[in-house]
Novice: 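Provided herewith is a single structure, encoded as structure tokens, for subsequent inquiry.
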Amino acid sequence: MTHTGLVARVLIDSPLPQLDHLFDYAVPDELAAVALPGVRVKVPFGSSGRVMSGYLIDLVPPDATGSDGEALFHGALSPLESVVSPARVLTGEVWTLARALADRAAGNASDIIRLAVPPRRVRVEKAWLAQAADAADAAGTAAPTCDSAPAVTVPAVTVPAFADYPPGAVAALVADGRRAAVAAVPEPVQLPGGETVGQWALTLAELGVAALAAGRSAILAVPDYRDQDQLQAALEQLAPAGSVRRVDARQSDPDRYRDFLACLDPVPRIIIGNRSAVYAPAHELGLIALWDDGDPLYAEPLSPYVHARDAALVRQQQSGCALVFLGHARSVEVERLVEIGWFDAVAPARSRHPRVIPTELQAGADARGARIPSAAWGAARDALQHGPVLVQVASPGYAPVLACTTCRHSARCTRCQGPLGLASAGATPACRWCGALAAGWHCPLCEGTTYRLVTVGSGRTAEELGRAFPGVRVIVADGDHIVQHVGASPALVIATRGAEPLAPGGYRAVLLLDGERLLARESLRVGEDCLRWWSNAAALAAPGASVMLIGVGGLLARSLSLWQPERYSASELADRRSLRFPPAVRAASVTGTAPAVETALAGLAGIAGVDVLGPVGADRETVRAIVRLPYSAGDEVAIALKAAIVRAATGRRPAKGGGYRPPPTLKVRFDDPELL
DNA sequence: AGCACGCCGACT
DNA sequence: GTCGGCGTGCTC
């Protein structure tokens with residue numbers, strides 16, 4: 001068998017950390033025509049020559065230094081076994097992104113690629129290849145790959161006006177490839193087709209169309225399918241037919257693969273989807289835009305747990321495209337980016353916003369503990385004359401936390417500010433991070449010395465309100481009862497946060513209940529989350545309608561009623577700076593057997609600015625430590641921890657004797673939003 | 001992960 | 001004298 005002179009650099013598709021680098025193979029002559037970067041390949045691997053699949057990353061002369069800086073293998077090369085198909089599904093841009101994100105998270109590139117490249121569907125792929133070949137013939141070229149000529153012609157597109165924003169402000173973001181936090185207009189709008197969507201959906205769609213008008217592709221990401229439906233409705237009005245492609249897990253596998261392949265066509269497209277849309281291949285990427293980046297659905301649950309916001313930030317730096325985070329609230333992460341000057345802040349030109357009334361600030365408040373004050377009852381009663389009223393309630397099922405009996409603030413560790421918990425009823429409270437016992441705890445805010453367990457169970461609101469307003473239709477919208485839209489006629493719409501339906505023209509009043517209970521959740525981010533839930537619900541109100549925020553005061557209530565959520569975010573960020581909490585610094589959890597964690601932490605010893613909380617026992621066999629690091633130490637820490645992971649995976653293995661022990665090795669998770 | 005290479009106990 | 005145990009290390 002003769003070989004072309006070239007070396008194929010291959011990423012093996014394996015979750016093993018020790019295989020997370022390129023392996024070099026010779027290219028047999030008969031594969032030369034199809035063995036091009038981006039194709040799926042099969043390669044012989046290991047002493048047994050077992051066939052594994054992978055991606056051909058690079059094709060280089062044998063005397064080259066690898067484009068990734070990795071030296072070529074000095075030794076006899078095995079030949080590629082086969083090329084799975086000529087479809088070049090892993091573009092250079094997506095590979096570079098996957099590599100960078102994996103490195104940043106001490107994870108595996110193939111784990112990122114699994115999010116970026118959907119499972120292959122042979123039938124769909126053949127159809128796409130044939131269509132690409134036809135297009136190539138028509139254009140007089142021959143290559144049946146993504147290098148071929150456009151298969152679709154893009155209709156002329158007019159540049160959107162972005163009428164809600166200062167002239168030129170938003171259009172310039174896309175044109176100049178800038179990064180910006182854009183405040184959405186907090187109103188519902190009715191599309192010409194009759195459907196009601198949030199104004200944000202129109203703005204996002206306009207951003208995509210602006211990129212298209214400049215001959216560039218746009219990636220528009222939304223957290224959930226309800227948001228995606230609004231965005232799609234808006235795009236149907238604004239975007240030329242055929243220019244929009246979905247990339248999301250709700251599609252059937254063939255549909256998903258078809259749309260994915262279409263993104264490889266050399267034509268600009270608007271690509272929409274949920275968190276993994278940020279990995280989509282895109283021709284001439286001009287814009288990535290995320291709606292509501294603070295939504296926890298943007299946190300990837302699969303290793304290496306890269307948040308879509310971070311993926312978008314890294315991709316923006318690599319490609320130089322524009323990057324927009326659009327939202328009502330501003331996440332503390334984005335606030336940091338604005339404060340360090342990495343992001344611009346853009347607000348709507350006119351400052352019309354929902355009329356938020358914090359009832360706690362009203363004189364003559366009702367007896368303490370009343371769930372719904374009389375002012376809110378009154379507002380609801382009046383509004384029900386004219387149309388639907390939204391009542392936002394807490395969803396059931398929170399972890400119990402310790403809170404001060406008198407001032408109700410959650411109890412935190414005096415050493416490291418971690419949350420306190422009880423190992424068992426009546427036990428001394430202990431910090432869940434550093435393990436310190438909090439004997440003799442006292443509340444730093446009110447000096448109270450007693451705490452209680454705060455648990456929340458909601459759910460009777462519908463009955464309660466139904467009794468109070470006899471004859472009014474009650475609609476429940478939550479995780480189990482998904483309601484996208486309600487009508488314009490009077491109704492009480494009881495919704496858990498995030499599940500609020502849209503009402504044509506907007507709700508005539510909005511009641512935000514259970515604020516105090518929501519705020520008792522065990523998380524550093526509660527305030528931020530609440531502000532996001534509340535502002536998103538308030539944005540569903542009709543212009544001028546009352547939004548009653550019940551039982552919540554302070555900066556949170558003030559930020560919402562002034563509609564300046566960035567005030568709260570700024571104050572929150574300042575607090576996190578003084579406590580050395582994310583996103584002021586980065587954090588990584590290191591979990592595993594005590595010796596494995598110890599060795600991993602030892603590898604961080606010399607790195608400036610790094611400190612370690614714990615380790616504390618996580619369960620019977622494993623311990624967990626939390627590493628805090630400045631952003632500047634990210635590379636160094638990730639490299640050290642990745643080395644520790646590889647060592648743990650290849651070195652001493654758990655005793656095989658008996659065989660009843662799953663591998664308790666070493667796990668690292670960077671930037672876990674749930675960590676604090 | 002698999003699989004081979006390698007160095008110590010009880011077996012024909 | 002060997003057959004085979006699984007600890008260790010590699011896979012282009």
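Lettering follows sequence order; numbering is per chain, from 1.
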Novice: Using a 4.0 Å heavy-atom cut-off across all strands, classify A:Ala26 as base, sugar-phosphate, or nothing.
Specialist: nothing
Novice: Would you mind classifying the nucleic acid contact of A:Ile12 as base, sugar-phosphate or nothing, using non-hydrogen atoms under 4.0 angstrom?
Specialist: nothing
Novice: By salt bridge (charged side-chain N to carboxylate O under 4.0 Å, His left out), which residues pair with A:Arg576, not counting sequence neighbours?
Specialist: A:Glu528, A:Glu572
Novice: Rounded to the nearest Å, what distance is computed from the NE2 atom of residue A:His3 to the P atom of nucleotide C:dC12?
Specialist: 14 Å
Novice: What does A:Phe45 touch in the nucleic acid at a heavy-atom separation under 4.0 angstrom: a base, only the sugar-phosphate, or nothing?
Specialist: base
Novice: Could you point out which residue of A:Tyr55, A:Phe73, A:Phe45 forms a ring pair (Phe, Tyr, Trp, His ring centres under 6.0 Å) with A:Phe23?
Specialist: A:Phe45
Novice: Rounding to an integer number of Å, can you tell me how far A:Ile645 CD1 sits from B:dA1 P?
Specialist: 14 Å
Novice: Distance check needed: B:dA1 P versus A:Asn108 CG, whole Å only.
Specialist: 12 Å
Novice: Rounded to whole angstroms, how far apart are CZ on A:Phe23 and P on C:dC12?
Specialist: 7 Å
Novice: Looking at C:dC12, C:dT11, B:dC3, which one has an atom nearest to any side-chain atom of A:Gln18?
Specialist: C:dT11
Novice: In whole angstrom, give the distance that lies between atom CG of A:Leu77 and atom C1' of C:dT11.
Specialist: 13 Å
Novice: Between A:Phe73 (CZ) and C:dC10 (P), how many Å, whole number?
Specialist: 11 Å
Novice: Taking atom C1' of C:dC12 as reference, at what distance in whole Å does atom CG of A:Leu72 sit?
Specialist: 10 Å
Novice: Looking at the side chain of A:Ser78, which of B:dC3, C:dT11, C:dC12 is the nearest nucleotide?
Specialist: C:dC12
Novice: Taking ring-ring contact (aromatic ring centres under 6.0 Å, His included) as the definition, give me every residue that meets it alongside A:Tyr298, ordered by chain and number, with sequence neighbours left out.
Specialist: none
Novice: A:Leu16 has a side chain; which of B:dA4, B:dA1, C:dC12 sits nearest to it?
Specialist: B:dA1
Novice: Which part of the nucleic acid, if any, lies within contact of A:Pro15, taking any heavy atom under 4.0 Å across all strands shown: a base, the sugar-phosphate backbone alone, or nothing?
Specialist: nothing
Novice: Is it true that A:Arg99 and A:Asp20 make a salt bridge, defined as a side-chain N closer than 4.0 Å to a carboxylate O?
Specialist: yes
Novice: Does a salt bridge link A:Arg275 with A:Asp295, judged by any charged N lying under 4.0 Å from a carboxylate O?
Specialist: no
Novice: Round to the nearest Å and state the distance from A:Leu19 atom CG to C:dG9 atom P.
Specialist: 16 Å
